[in-house]
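Take a look at the structure set out below.
Proteins come first, then strands; the chains are lettered A, B, ... in the order of their sequence lines, and each starts at number 1.
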Amino acid sequence: MPRAVLILGATSPMARAAAYAFAARGDWLFLASRDESECQKLAQDLLIRFQTKAFWGRFDAHQTESHVELIDNAAAALGGLDYALFVVGDLGSEPNSLEPLETARLIQTNFLGVASVIGACATFMGNHGGSVILGVGSVAGDRGRQSNFVYGAAKGGLALYLQGLQNFLHPKGIRVVAFKPGFVDTGMTYGKPGVFLVATPEQAGKSLVRAMDNASGVVYFPWFWWLIMRVIQLIPDVIFKRLKL
Amino acid sequence: MPLPSLEQDLSGWGRFPTARCRVLRPERDRELADCVGVLPRGMGRSYGDAALNKDGGVVSTQRLDRMLAFDANTGLLEAEAGLSLGVIAQTFLPRGWFLPVTPGTKFVSLGGAVAGDVHGKNHHLEGSFSRHVEAFELLCPNGDRISCSRQSYSDVFEATVGGMGLTGLITNVRLRLRKVAGPWMYVRHKSASDLDQIFQLLSDRAAPEPYSVAWIDCLARGRHLGRSVLMVGDHADGPVPAPRVTLKSQLRAPMDLPGWVLHPSLLRAFNAAFHRYQARKTLPFLTSPDAFFYPLDGIRNWNRLYGRQGFVQYQCVLPEKEAFAGVQVLLELISAAGAASFLAVLKRLGEGSEGLLSFCMPGFTLALDIPFKGKETLALVQSMDLEVVRRGGRVNLCKDACLSPETFRAMYPRAAAWRDIKRRLDPDGLIQSGLSRRIHLLEED
């Protein structure tokens, strides 16, 4: 029986790789992002390559009033929702901006808009059944750093949200996963200095699918980022302030 | 936010020459807006400097590789230019479709296959890649996106197929796939003891198989000169499980091989053994498309076998009348220079295409690898170029790393017509490559 999989932020290379892995085993997909025509291309690609069912729509983190409708549309197209994958995020050009509009935009895109649509999804799954919700956070959310704290705050907020949602949905048998990738070879890291141990989007996609099949709680990708982040969290503030991280 | 870029030392598949380039890698269609007027680069499988732009930008199309439409009745596939031929073969062979023309590696992008107007083992019957392309969209150096075919913008079509990426970035391609008899290949080998015999075998127009190619031992001398094995094949149905086209290589070259491995005497022994082994397969047999079309793809990074200095792949075509004598002279030149090479490929070519810079023309093509050893290699290649010019042939720009402006001009008489169209599309000469600068492609006669 094919699963009904919703992917938001579907045009990111990681989401695309996950969509391939789902489609390759026959699952049905609904893809949405801000760029609807890009989602359409992706859906057509899945249709041709894997001869599965793929639908598309528009998701904008900033239009929270449209989020319930989007979830309803996706569920109607797929005949329900089993898996919901949220790969929504934007590092922006200045992830440590002090400028009010940019700060608000980053937090809206990476946290408020995502929490809003995950909430709508959780409501739907609570009422009609569902299996797993996975939100893609970031290791940047584990400790505030001077280079990206606005982005990091939003991703950290999302991780806390998912942690609570996990408790909330547990009685209904719906799993919730916070997925925290380190560096993945996408436009977000491409050509940036200080990027190391870079994973491919294909590896990340496979790991996302594995996490949705089996995991709950927090998943680091690749796993060693768990270790790296524990070490970073253990550095005392006195020293951390002097580091250029 | 502007598209991020990465400074990288790049080379073609021959690993000579290399150049520092600023690589853009769009992941979404709209990001192409930041790639206007930049040299495209597909999978980096052209051998020389066609996809290099020293201290300038190149656009990698590898993340724009989606299939956009497929008609299961006609086999017409529309896809983004970064899609690899290997993925097309892998996806469609189980459904009874295959590439109408495929080069000797499947790690070529659709856009690269059009821009290089590549050919395959069935060229004598099916022509080059562009013959099966109905249309493509081109991102012009002025930012316009135009749909080119034989009906609309036919001049841009002719300048772009075989145009080595210099007219703009091919964004998507409409390619007609071929219906095939099955997922297997039905193959026969015929042994030839000398050049005379292999030319006769290759010239046999009554041969029923659509694919034919000869592996020739270019180190054999004297009465063995031209010793080779003709391999012919056709698609066929066969037992299950059916072979699949794979994208992962079984083996990989772990490092650059040291130079002594390529000592002529060792290579001579290898080539002789290979010939004996292949020549023994006189009975027809079934094999996988991977084994028949893409034997070298089985070894990842096989280009490292030629060591750190890289190699030059020399491919020329000679008109029918000149071919026998010409190939003989070329083989003797290589042998005399002691330029060691693994097996070389000899094949008959059919009609050329409308591509103004396309390589193919009726005659015979010889392709071989020459390990790069600096000046002596350049001198050898130059003497071979002169021989090819003298006989009215030409060298393949997808492989070339050595042609001079003069020899290029003598080989490609339609370059002036190409230049007129290029100048109209790109009056400021935004898109240039190592190749275009080396052979003075944009300069007046």
Worksheet item: Closest approach of G187(A) and P4(B), non-hydrogen atoms and distance?
Response: O-CG, 3.5 Å

Worksheet item: Among residues 73-80 of chain B, which ones touch chain A with a heavy-atom distance under 4.5 Å?
Response: E80(B)

Item to complete: Against chain A, work out which of A69(B), S5(B), A72(B) has the most heavy-atom pairs shorter than 4.5 Å and name it.
Response: S5(B)

Discussion item. Other residues, nucleotides and ligands only: do more than 12 of their heavy atoms fall within 6.0 Å of NZ on K180(A)?
Written reply: yes

Fill in: Residue E7(B) versus chain A: region with a heavy atom under 4.5 Å
neither

Fill in: Sorted by number, residues from residues 32-49 of chain A in contact with chain B (heavy atoms, under 4.5 Å)
D35(A), E38(A), K41(A), L42(A), Q44(A), D45(A), I48(A), R49(A)

Item to complete: Would you please go through residues 192-214 of chain A and name the residues with a non-hydrogen atom below 4.5 Å from one of chain B, in numerical order?
Response: P201(A)

Discussion item. I need the L6(B) CG to D185(A) CG distance, nearest 0.5 Å.
Written reply: 9.0 Å

Worksheet item: If you look at every heavy atom in R16(A) and D65(B), which pair is closest and at what distance?
Response: NH2-OD1, 2.6 Å

Fill in: Largest heavy-atom contact set with chain A, pairs under 4.5 Å, which of R28(B), E31(B), Q90(B)
R28(B)

Item to complete: Quick one: do Y190(A) and V23(B) satisfy side-chain contact (heavy atoms from CB on, under 4.5 Å)? Show the steps, please.
Response: CA-CA 10 Å; Y190(A) 189 69; V23(B) 186; 3.3 Å; yes

Practice prompt. Taking salt bridge (Lys or Arg N to Asp or Glu O under 4.0 Å) as the test, write out the residues that go with R300(B), two or more places apart.
Written response: none

Worksheet entry | Under 4.5 Å from a heavy atom of chain A, the part of R22(B) involved | neither

Worksheet item: Within a reach of under 6.0 Å around OH of Y220(A), are more than 12 heavy atoms found that belong to other residues, nucleotides or ligands?
Response: yes

Item to complete: Report, as yes or no, whether the 6.0 Å neighbourhood of atom CD on Q8(B) holds more than 12 heavy atoms from other residues, nucleotides or ligands.
Response: yes

